[in-house]
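Below you'll find the structure, written out as structure tokens, and then a few comments.
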Amino acid sequence: MVSPRGGRGMGTRTSPQKGISQASQQTNRNVLDRAKWTPSLTRCLLEACAEESDEFGRALTGFSSLGWQRIVTTFARKTGTLNYKKEQLKNKHDRLKEEWKAWILVAEDTSQTGLGRDPDTGAITGP
């Protein structure tokens with residue numbers, strides 16, 4: 001069969017994994033990936049990461065596997081919960097890092113965007 005782009009069906013596979021229903025895959029993904037993040041939990045995660053970095057350092061590529069194990073342990077101790085897995089903490093850390101990078105670009109280039117931050121409320125202000 002010829003695809004709309006003229007190929008012969010050699011594209012990327014997008015169907016669900018064999019033997020596992022699509023609904024089951026989505027349910028498992030939601031259960032494993034969805035953590036309830038409050039500001040206090042986010043702060044505990046960042047404190048755990050900062051403590052790890054201060055005490056053991058951090059490579060340019062990120063924390064080591066052992067480092068993430070220590071972060072998980074520190075996070076559990078700070079929050080009193082063992083419900084968060086390494087992948088959840090790492091995903092949140094990665095999202096926070098991307099948000100921080102985006103904010104730095106905006107904050108440092110106020111001449112072009114006109115955006116800033118209200119010092120009293122912390123809200124983003126615009127022209």
Would you please test H93 and W100 for ring-ring contact (aromatic ring centres under 6.0 Å, His included) and show each step? CA-CA 10 Å; H93 178 268; W100 176 79; over 10 Å; no

Determine the minimum heavy-atom distance between L45 and W37, stating which atoms define it. CD2-CH2, 3.9 Å

Residue pair Y84 / K36: nearest heavy atoms and the distance that separates them: OH-O, 2.6 Å

Counting heavy atoms not belonging to R58, are there more than 12 under 6.0 Å from its CZ? yes

For a 4.5 angstrom cut-off between non-hydrogen side-chain atoms, does S53 reach F63? yes

Do E98 and W103 come close enough that some side-chain heavy atom pair is under 4.5 Å? no

Spacing of [X] atom [atom1] and [Y] atom [atom2] [to the nearest 0.5 Å]:
{"X": "R95", "Y": "T42", "atom1": "CZ", "atom2": "OG1", "answer": "9.0 Å"}
{"X": "C49", "Y": "L96", "atom1": "SG", "atom2": "CG", "answer": "8.5 Å"}
{"X": "L41", "Y": "L46", "atom1": "CG", "atom2": "CG", "answer": "11.0 Å"}

Distance-only check: which donor-acceptor pairs under 3.5 Å involve side-chain atoms of residues 70-81, not counting sequence neighbours?
from: R70; atom 1: NE; to: E52; atom 2: OE1; distance (Å): 3.0
from: R70; atom 1: NE; to: E52; atom 2: OE2; distance (Å): 3.2
from: R70; atom 1: NH2; to: E52; atom 2: OE2; distance (Å): 2.8
from: T73; atom 1: OG1; to: Q69; atom 2: O; distance (Å): 3.0
from: T74; atom 1: OG1; to: R70; atom 2: O; distance (Å): 2.9
from: K78; atom 1: NZ; to: E47; atom 2: OE1; distance (Å): 3.4
from: K78; atom 1: NZ; to: E51; atom 2: OE2; distance (Å): 3.0
from: T79; atom 1: OG1; to: F75; atom 2: O; distance (Å): 2.8
from: T79; atom 1: OG1; to: T81; atom 2: N; distance (Å): 3.4
from: T81; atom 1: OG1; to: N83; atom 2: N; distance (Å): 3.2
from: T81; atom 1: OG1; to: N83; atom 2: ND2; distance (Å): 3.2

For residues 118-127, which side-chain N or O atoms pair as donor and acceptor with protein atoms under 3.5 Å away, sequence neighbours left out?
from: D118; atom 1: OD1; to: D120; atom 2: N; distance (Å): 2.7
from: D118; atom 1: OD1; to: T121; atom 2: N; distance (Å): 3.1
from: T121; atom 1: OG1; to: A123; atom 2: N; distance (Å): 3.2
from: T125; atom 1: OG1; to: G116; atom 2: O; distance (Å): 3.4

